[in-house]
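Structure first, commentary second.
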Protein chains: 2
Amino acid sequence: MSRRILKYAILGLLSKEDMSGYDITSEFKKAIGQFWSAKHSQIYVELKKLLDEDSISQYIEMAGVKLEKKMYSLTTKGKEELQNWLLELDENVETEKDIFALRLYFLKDIPAEEIPALFNNQLKLRTEKLAFLKEQFSFYFGVEKNPLNLDAEELGHYFVLSKAISREENYICWLNKSLEIIKNKNADNSLR
Amino acid sequence: MSRRILKYAILGLLSKEDMSGYDITSEFKKAIGQFWSAKHSQIYVELKKLLDEDSISQYIEMAGVKLEKKMYSLTTKGKEELQNWLLELDENVETEKDIFALRLYFLKDIPAEEIPALFNNQLKLRTEKLAFLKEQFSFYFGVEKNPLNLDAEELGHYFVLSKAISREENYICWLNKSLEIIKNKNADNSLR
DNA sequence: TAGGCCATGTAAAAAGTTACATGATTAC
DNA sequence: GTAATCATGTAACTTTTTACATGGCCTA
């Protein structure tokens, strides 16, 4: 958890178009939510902070008769900060936390007959996520398959979706391979 | 983050053998650190809490003449808590945060000539990590390749290492594919 | 008119990082 | 003797989650 990643995630989203806190919250439920996310409570606080620091500016848009949407835009300062952050080189790979893998490390304390259920649950979750991602992908890039024909904005989206898909496919593949090993082991033991 | 994952990570490590806070800190620099980690400052605080809650017990081991190592063991309560946690089914896939992918989503704000450097840096980091993981793998499983011959404890380790390796290989593969796209795009543009 | 979504916030608590602090042991 | 590593802790701060809280809009 390092130096204000949420700040830059928000600046990045606002560099595409002006958004409200609610819009930003929604974005984290789509493609980019595969690699960073935050709850609305954190986002509203961060927006206030960014406003204070003059990285963003605010204006009101009416949504209906009474409902005020607070829209945010990047300021010059915000644009510069984003630019600089985008060019930073990471110095090390951060731990990508994964509770299932953590549990599996403690395999010896899981009764053998319970293990397949754990794998199957994970397989279900990951398969659902992959389906969601593929749906998104074909919605945005279904017709135009060749990434060379995409503009820079679409290409960012393309990379992130293709990355998420490849991550989930790889995860599912590893789950299947590992589950096979477990099944063979269980079969072995019942022969004895 | 969520429901005391560090607690269970520590209980899990202690179920293999008694350890000190320092030992636990070291473990997070090895295989399991690929999927969960914590700093010593957090670990010592959590150990005190677990001791208060009677999930673990403490004894002193002398390391040298003056140096006292505080060793921790699971209590019956701790063992039960670990058991129950290991059988819990995750209800959703948590965001696996990845700053590089986040940056890449904002690609349109990165000057085209800077992009390859960003990819190459990531490629370097991931390649180094993969080398480290493969070293670990061959150290522990080099001779005995067949996972069917491993006992439950080794198998947990095997799964976690094989998962980390497959994750990094997949990441590198995606980086290379994406970098190719970027190069082709840059070449295209300079032709115009 | 009711339920789901749009929309924005605050407060408290938990989790995690960074910095400060200290001292022993080991191997060269 | 000195540097790396072993060993343990606290304090301040940042980040993230959970819960509380409110009200408008839209569609069936």
Side-chain angles (χ1 to χ4, degrees), chain A residues 1-10 13 18-30 33 35-53 56 58-72 90-92 94-99 102, chain B residues 1-11 13 18-30 33 35-53 56 58-72 90-92 94-97 99 102:
Chain A
M1 220 131 322
S2 8
R3 302 127 21 250
R4 300 189 66 185
I5 309 297
L6 180 59
K7 163 179 170 172
Y8 296 102
I10 290 175
L13 287 170
D18 293 359
M19 285 186 190
S20 65
Y22 189 88
D23 296 334
I24 292 169
T25 306
S26 310
E27 286 303 311
F28 282 129
K29 290 171 187 152
K30 301 186 207 161
F35 298 107
W36 204 267
S37 70
K39 312 278 163 148
H40 78 274
S41 53
Q42 201 188 353
I43 291 166
Y44 288 115
V45 171
E46 186 67 33
L47 282 170
K48 192 162 282 180
K49 206 170 166 192
L50 291 174
L51 197 57
D52 270 1
E53 296 168 346
I56 60 177
Q58 189 193 64
Y59 59 95
I60 305 295
E61 208 173 85
M62 297 310 294
V65 185
K66 282 189 178 174
L67 224 195
E68 299 189 340
K69 258 185 98 159
K70 295 187 179 173
M71 301 297 289
Y72 296 93
D90 294 318
E91 271 159 34
N92 48 57
E94 248 140 298
T95 300
E96 289 168 37
K97 296 188 167 183
D98 179 338
I99 297 174
L102 176 66
Chain B
M1 231 65 60
S2 12
R3 303 139 10 260
R4 300 191 65 185
I5 308 298
L6 180 59
K7 162 180 172 172
Y8 296 102
I10 290 175
L11 295 183
L13 287 170
D18 294 358
M19 285 185 189
S20 65
Y22 188 88
D23 296 333
I24 292 169
T25 306
S26 309
E27 286 302 312
F28 282 128
K29 289 170 188 155
K30 300 186 207 163
F35 299 108
W36 204 267
S37 69
K39 312 277 162 147
H40 77 274
S41 53
Q42 202 186 354
I43 291 165
Y44 287 114
V45 171
E46 187 66 32
L47 283 169
K48 192 162 280 180
K49 206 169 166 192
L50 292 173
L51 197 57
D52 269 1
E53 297 168 345
I56 59 177
Q58 189 193 64
Y59 59 96
I60 304 296
E61 210 174 85
M62 296 309 294
V65 184
K66 280 188 178 174
L67 226 193
E68 299 189 340
K69 256 185 100 159
K70 295 187 179 173
M71 301 297 289
Y72 296 92
D90 293 319
E91 271 160 33
N92 47 59
E94 248 141 294
T95 300
E96 289 167 39
K97 296 188 166 184
I99 297 173
L102 176 66

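Quick caveat, the model's predicted, so the values are computed rather than measured. Lettering follows sequence order; numbering is per chain, from 1.
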message: Using a distance-only criterion (donor-acceptor N/O pair, under 3.5 Å, no hydrogens), is the base of D:dT16 paired with the side chain of A:S41?
response: no
query: Can you check the A:E94 CD to D:dT16 P distance for me, whole Å?
result: 11 Å
field: D:dT18 phosphate, OP1 or OP2, under 4.0 Å from A:K39 side-chain N/O
entry: yes
message: Is A:K48 close enough to C:dT8 that one of its side-chain N or O atoms is under 4.0 Å from OP1 or OP2 there?
response: no
- prompt: Rounded to the Å, how far apart are B:K69 NZ and D:dG9 P?
  reply: 13 Å
task: Report the residue (B:Y72 or A:S37) whose heavy-atom-nearest nucleotide on DNA chain D is the more 5′ of the two.
output: B:Y72
statement: Against the side chain of B:L67, the closest entry in D:dG9, C:dA24, C:dG9 is C:dA24
query: What is the distance from CD1 of A:I24 to P of C:dA7, rounded to the nearest Å?
result: 13 Å
Short side-chain donor-acceptor distance under 3.5 Å, B:S20 and B:D23: yes
query: When we call it a touch if two heavy atoms are under 4.0 Å apart, what does B:S20 touch: a base, just sugar-phosphate, or nothing?
result: sugar-phosphate
message: Between P on D:dT17 and CG on B:L6, what's the gap in Å once rounded to a whole number?
response: 16 Å
message: Does B:K66 reach a base, just sugar-phosphate, or nothing at all? Heavy atoms under 4.0 Å.
response: sugar-phosphate
- prompt: How far apart are the closest heavy atoms of A:M19 and A:L13, and which atoms are they?
  reply: CE-O, 3.8 Å
message: side chain to side chain contact (heavy atoms under 4.5 Å, CB included), that's the test. Do B:M62 and B:E68 meet it? Break it down for me.
response: CA-CA 5 Å; B:M62 296 309 294; B:E68 299 189 340; 3.8 Å; yes
message: From CE of A:M19 over to P of C:dA7, roughly how many Å is that when rounded to an integer?
response: 13 Å
message: Is A:Q42 close enough to D:dT15 that one of its side-chain N or O atoms is under 4.0 Å from OP1 or OP2 there?
response: no
query: Any side-chain N or O of A:Y44 less than 4.0 Å from the OP1 or OP2 oxygen of C:dG9?
result: no
- request: Starting from the 5' end of DNA chain D, give me the residue, A:K49 or A:A63, whose nearest nucleotide shows up first.
  value: A:K49
Where B:L47 and B:G21 come nearest, the two heavy atoms and their spacing: CD1-CA, 3.5 Å
- request: Please answer whether the main-chain N or O of B:F28 pairs with a side-chain N or O of B:S37 as donor and acceptor at a distance below 3.5 Å.
  value: no
task: To the nearest Å, give me how far apart CZ (B:R3) and P (C:dG16) are.
output: 12 Å
query: D:dC26 P sits how many Å from A:Y22 OH, rounded?
result: 13 Å
message: Distance check needed: C:dA7 P versus A:D23 CG, whole Å only.
response: 6 Å
